[in-house]
Amino acid sequence: MKTLKIATYNVNGIRSRLPQLLQWLQREAPDIVGLQELKSVDAGFPLAELHAAGYGAVWMGQSSWNGVALLAKGCDPVESRRGLPGDPRDTQSRYIEAMAHGVLVGCLYLPNGNPRPGPKFDYKLDWFARLQRHAQQLVALPHPVALIGDFNVVPTDADIYNPASWRRDALLQPESRQAYAELLAQGWTDSLRQVHGERRVYTFWDYFRQHWQRDAGLRIDHMLLNPPLAARLRDAGVDRWVRDLPHASDHAPTWVAVGASSARVATAASAKPKRGDRSAGGKPKGSKAKKTPRTAASGATALAEKAATRAKRKTTASAAATSSTPKQATKTTRATKATKATTPKAQTPKAQTPKARKPRAATEAPPKPTRGTKRRKPPLLPPGEGGA
DNA sequence: ATGTCATCATAGTGATGA
């Protein structure tokens, strides 16, 4: 129970994916969540539903495309930045950063970059360079920092079912991989790789040609930890069962479990929000419109440190305010009911992930149910008959 | 090149991005 679960999930449209998102939150109860591809304007963000599920949020929307958000269980994330520094002309909503549960989290949606070559690929590399500059500030902070999201990079050929068919794709280009490698070289730990070693781990299966059914996946959603946070890394995995839901996103939620480093964090992590309204620090939904657009201007480091200090105080207060409410209270939400009604709770997530039956990339490690947060097992359906 | 899915435009399909 002394763990903090941080997750990233490219929802591919938060409004159309809301039922799946809520079901996942209910079942896995991550403490911090980065979301990408909201594909919604700010006004369309489903804050009330997330509040009802026990989460506070900050978000940066955009019409039709992109859009990122950070959720925190039982409190409001304290925003420290929206948008990457370095290019005022960049209007795409691809980066948001906030403090929650004692961790500074940068949530990013890196440009896809296709087709290549072309302006989109140039934009990708330019964005990547700006990310590197900002990440250099973050990695060196004495505070725990996580950089999570959809990086749109397959780091190596071991991170894809078959590199040959994607060789010309922007996700596999040497420039993309080089930029990712340079990022890691700053001192970040690639959590999934760290935990799973040589085993294959995928986080994305596109909608084409029954790639999910064939477990023809890619690892492009990453969770990078700076040294203070990496020292606490305990486990990491992919909630594959979410990818198997009807009308699923083409990504699956990806998570890390880190040990709580102090009583303060432990308290925050165990704070179970009740439902709705007073989710965060006791704030009613109505007042929630107070997203904090404080931003650029100050240096990343100073900003982050300020945010850290500020958020720590706030998180402590929030946790104290909400810690008396048992999480059990949320079990009666409609999301849960829907879950129960539709999910055959079958197999153990341990020995057999959905891909247990799968032929080739069969080495992937099943997500371990070993951290403290879960009490029910996900319904893991084999991805496949359909395929190939 | 293909395939599927979500969005927004437009007014039942079409364009765009992934």
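Contact check, A:Lys120 against B:dA18: a side-chain N or O comes under 4.0 Å of OP1 or OP2.
To the nearest angstrom, P of B:dC5 lies 15 Å from CH2 of A:Trp212. Look at CZ on A:Arg17: it is 12 Å from C1' on B:dT7, rounded to the nearest Å. Nucleotide B:dG3 holds its P atom 14 Å from the CZ atom of A:Arg214, rounded to whole Å. One interatomic measurement links the two molecules: CG of A:Asn12 to P of B:dT16, which rounds to 19 Å at whole-angstrom precision. Regarding A:Asp250, its CG atom lies at a distance of 12 Å from the P atom of B:dA18, rounded to whole Å. The distance from atom CZ of A:Phe45 to atom P of B:dT7 is 15 Å, rounded to the nearest whole Å. The separation between A:Leu38 atom CG and B:dA18 atom C1' is 15 Å, rounded to whole Å. Residue A:Asn66 contributes atom CG, which lies 17 Å from atom P of B:dA6 at whole-angstrom precision.
In terms of heavy-atom proximity, A:His251 sits nearest to A:Ile220 at CE1-CD1, 3.6 Å.
Nucleic acid contact for A:Tyr109: sugar-phosphate only, since backbone atoms but no base atoms lie under 4.0 Å from a heavy atom of the residue.
Taking 3.5 Å as the limit, the base of B:dT4 and the side chain of A:Arg209 contain no donor-acceptor pair of atoms between them.
Of the candidate nucleotides B:dG17, B:dA6, B:dA18, B:dA18 has the atom nearest to the side chain of A:Arg94. Picking from B:dG17, B:dT4, B:dT7 the nucleotide with the shortest atom distance to the side chain of A:Ser16 gives B:dT7. Side-chain proximity of A:Ser64 to B:dC8, B:dA18, B:dT7: nearest is B:dC8. Here the side chain of A:Arg15 is nearest to one of B:dC5, B:dC8, B:dA18, namely B:dC8. The side chain of A:Asn112 approaches B:dA18 more closely than any other nucleotide in the set B:dC8, B:dA18, B:dG17.
Comment: A:Arg177 engages A:Asp157 in a salt bridge, judged by a side-chain N to carboxylate O separation of less than 4.0 angstrom.
Taking for each of A:Asp206 and A:Trp65 the nucleotide of DNA chain B with the nearest heavy atom, the 5'-most of the two is the partner of A:Asp206. Residue-to-nucleotide proximity on DNA chain B shows that, of A:Asn152 and A:Lys39, the 5′-proximal contact is made by A:Lys39.
Taking the six-membered ring for Trp and the full ring otherwise, A:His211 and A:Phe204 have centroids separated by 6.0 Å or more. Aromatic ring centres of A:Tyr202 and A:Tyr161: separated by at least 6.0 Å.
A cation-pi arrangement is found for A:Arg27 relative to A:Trp241, the charged atom lying closer than 6.0 Å to the ring centre and inside a 45° cone about the ring normal.
For the C1' atoms, the distance linking B:dG3 with B:dT16 amounts to 16 Å, nearest Å. Comparing the P positions of B:dA15 and B:dA11 gives an interatomic distance of 13 Å, to the nearest angstrom.
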